[in-house]
Amino acid sequence: MRTYEWDAPAKLFFWPAGDGWDEEAVYPTLHDALQAASEGASEAAWIVTRNGDIISPRLIAHLREEIEEAARRRPAPSRSLFGWARAA
């Protein structure tokens, strides 16, 4: 599997656009672009990375699933009953 620069800027665009006009936006990170892709017409979302990689709608969906899976596997942060004690 290809590795991506998750902290690098990425361009998100929707093609073909429903109104015939291709919309595009540059996001500060690839993660932000993936998040925005899921909020729009995901079947028409394409991402171009800083390295020139083109991420298709199918791969966008796959990467989003991997991110969500990793978030579910992450252990919950432990909380102290006396959280204020750490500040002292």
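Numbering starts at 1 and runs along the sequence shown.
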Task: Check against side chain to side chain donor-acceptor pair (under 3.5 Å), Q35 and H31 - done: CA-CA 6 Å; Q35 182 68 31; H31 187 271; 5.4 Å; no

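For D7, the side-chain contact (heavy atoms from CB on, under 4.5 Å) criterion is met by no residue, not counting sequence neighbours. Listed by chain and residue number, nothing satisfies the salt bridge (Lys or Arg N to Asp or Glu O under 4.0 Å) test with E43 (two or more places apart in sequence, or in another chain).
Tested against P28 for a side chain to side chain contact (heavy atoms under 4.5 Å, CB included), the candidates V26, L30, D32 yield a single pass: D32.
Nearest heavy atom pair, residue A36 against residue L12, reads CB-CD2, 3.7 Å. For the residue pair A45 and I60, the shortest heavy atom distance occurs at O-CD1, 3.3 Å.
If you take CG on D53 and CD1 on I47, they are separated by 11.5 Å, rounding to the nearest 0.5 Å. Note: Y4 OH to L63 CG = 6.0 Å, rounded to the nearest 0.5 Å. Remark: E5 CD to N51 CG distance equals 4.5 Å, nearest 0.5 Å. The structure places NE2 of H62 at 10.5 Å from CD1 of I67, a figure rounded to the nearest 0.5 Å.
A parallel orientation is assigned to the rings of W46 and F13, their planes being inclined by less than 30° (bins at 30° and 60°).
Annotation: R72, atom CZ; neighbour count of heavy atoms from other residues, nucleotides and ligands within 6.0 Å is above 12.
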